[in-house]
There are 2 protein chains.
Amino acid sequence: MKTSKQSILRLFQYRDFLIRLKNINTVNVFSDNLAKDIGTTSIQVRKDFSLFRLSGNKKAGYKVSNLLKQLDELLGKNKKQKVVIVGAGNIGKALMQYDGFYKEGLEIAALFDYDRRKYNHKNNPPVLPIEDLFKFVSSNNVKIGIIAVPCKAAQQVLDLMISAGIKGAMNFAPIPLKSPKNFYINNINLRVELESVVYYTQM
Amino acid sequence: MKTSKQSILRLFQYRDFLIRLKNINTVNVFSDNLAKDIGTTSIQVRKDFSLFRLSGNKKAGYKVSNLLKQLDELLGKNKKQKVVIVGAGNIGKALMQYDGFYKEGLEIAALFDYDRRKYNHKNNPPVLPIEDLFKFVSSNNVKIGIIAVPCKAAQQVLDLMISAGIKGAMNFAPIPLKSPKNFYINNINLRVELESVVYYTQM
DNA sequence: ATACTTTTGTGATTTTTTTCACATAAAAAA
DNA sequence: TTTTTTATGTGAAAAAAATCACAAAAGTAT
């Protein structure tokens, strides 16, 4: 099958919209509606679906619940995934408190920090000492990590995650990290993102 | 000139690395070093430079300070840019406290919120009532905004920003927003980013 | 029942982005 | 000095992604 990174990202966005539609009891949706919502064209939407063998009904569009079910299957959204966050600063806390994750099968299982003043074993999720990460990750079979620590600690945190058995991470430290080929890392550099807004605004 | 969105984003990343190199007094850099750092190839780096007429020295690579100067010019990093954040929650505060912006000519001029308990006129940057946004933006000539409010308020905030004269925004609300063609909006959907990590980890 | 309209689905085409291949220059070595 | 080695720079080629063009199906109108 000929897939692409771009279309997979869009599938997640379509799914997001479909969930919103389902919540307001919308039954049918057209490729054009999906396109408008995520800011692309209906041709792109249908092409994406075509690549993944997702089909609708001529003239009648797509059934929201049906399409959603197929996307869930395709994107592996039927299994719950545990996630750990390292760094209980503002970004870590923002992600911890974001209740949208849980609905999407993403469970923030725990936060970890170097600063003992931030420990909170009774919170849900708990904030634990970084020393506990290795044990927690292996005994809870966690595969996903989020790095929300300052630059200088980021590589060290990633190495620890890898050694503990984590397979993919989202990194907020604005510095590229080294990881093995079979490890997937998604670098989110908010400064660069903001800088690019400035750039395009000046165009 | 044949440019591309992708290469512009990379130029910002190269620049990031060059700043780090300059800070440790590195004088020369090779395309291969730049490539390794941002996770691409040296061919890509040279191609990017070629597109923007950035040149180095055969066999001796590039002069860090010289390249940085050229990138600053190219990316419009010589002018200071004021930025306002709407939403003084965790994400808003995380961005406010991130001191990396200031060094990059990005000044968080003020935060705005609907919740009066969050107001703090004496803080730097101040946290002001949303009602003050229009006046603040127009009198301070702010062109960039950051939307860090819940979904339901996001479109309203964007409309307000647009009416006040803001030209580009970074949006953290996980819902696509409508804006005119001449407005640049960078949607950051952290949930989708995390979901894609999970997806690629399962591959 | 037939024509018309709307929407999906996809091969073909175009555009964009990345990679290749190699000419060219400069430094280092012989 | 001449050769070799190591980088850059870029047109050409390949790959990836987006768009086009149009067939096909299904609903609506006549």
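Computed from a predicted model, the values in this text were never measured in an experiment.
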*asked:* Looking at B/Ser4, I'd like to know whether one of its side-chain N or O atoms comes within less than 4.0 Å of OP1 or OP2 on C/dT16.
replied: no

*When you check the phosphate oxygens OP1 and OP2 of C/dG9, does a side-chain N or O of A/Ser50 lie under 4.0 Å from one of them?*
no

*asked:* Can you confirm whether A/Lys69 is buried at NZ, in the sense that more than 12 heavy atoms of other residues, nucleotides or ligands lie under 6.0 Å from that atom?
replied: no

*B/Lys80 atom NZ: more than 12 heavy-atom contacts under 6.0 Å*: yes

In whole Å, I'd like the distance from the [atom1] atom of [X] to the [atom2] atom of [N].
{"X": "B/Lys5", "N": "D/dA18", "atom1": "NZ", "atom2": "P", "value": "12 Å"}
{"X": "A/Gln6", "N": "C/dT15", "atom1": "CD", "atom2": "C1'", "value": "14 Å"}
{"X": "B/Asp48", "N": "C/dT17", "atom1": "CG", "atom2": "P", "value": "11 Å"}
{"X": "B/Ile8", "N": "C/dT16", "atom1": "CD1", "atom2": "P", "value": "13 Å"}
{"X": "A/Leu9", "N": "D/dA16", "atom1": "CG", "atom2": "C1'", "value": "15 Å"}
{"X": "A/Asn57", "N": "D/dG27", "atom1": "CG", "atom2": "C1'", "value": "11 Å"}
{"X": "B/Leu51", "N": "C/dT19", "atom1": "CG", "atom2": "C1'", "value": "13 Å"}
{"X": "B/Arg53", "N": "D/dT10", "atom1": "CZ", "atom2": "P", "value": "6 Å"}

Please write out the pairs of protein N or O atoms and N or O atoms of nucleotides 4-6 of chain D separated by less than 3.5 Å, giving the distance to one decimal.
residue: D/dT5; atom: O2; partner: B/Lys59; partner atom: NZ; Å: 3.0
residue: D/dT6; atom: O4'; partner: B/Lys59; partner atom: NZ; Å: 2.9

_Proximity of B/Tyr98 and B/Phe101 rings by center, below 6.0 Å_ = yes

Atom pairs and distances, donor-acceptor, side-chain atoms in residues 102-111 of chain B, under 3.5 Å, two or more places apart:
residue: B/Glu104; atom: OE1; partner: B/Arg15; partner atom: NH1; Å: 2.6
residue: B/Glu104; atom: OE1; partner: B/Arg15; partner atom: NH2; Å: 3.0

_What's A/Phe49 touching, base or sugar-phosphate or nothing? Going by heavy atoms closer than 4.0 Å._
nothing

*According to the interplanar angle, ranging from 0 to 90°, do the rings of A/Tyr200 and B/Tyr184 count as parallel (below 30°), tilted (30 to 60°) or perpendicular (above 60°)?*
parallel

*Which sits closer to the 5' end of DNA chain D, A/Arg46 or A/Ala60, going by the nucleotide each is nearest to?*
A/Arg46

*So, for B/Asn186 and A/Ser196, which heavy atoms are closest and what is the spacing to 0.1 Å?*
ND2-OG, 3.9 Å

*Mind running a 4.0 Å heavy-atom check of residues 36-44 of chain B against DNA chain C and sending the residues that fall below it, in number order?*
B/Thr41, B/Ile43, B/Gln44

*Please check if any side-chain donor atom of A/Gln97 sits under 3.5 Å from a side-chain acceptor atom of B/Asn90, or the reverse.*
yes

*asked:* Nearest 0.5 angstrom please: A/Gln202 CD to B/Lys143 NZ, how far?
replied: 11.5 Å

*Could you walk me through whether B/Val149 and B/Gln156 pass the side chain to side chain contact (heavy atoms under 4.5 Å, CB included) check?*
CA-CA 10 Å; B/Val149 297; B/Gln156 186 185 339; over 6 Å; no

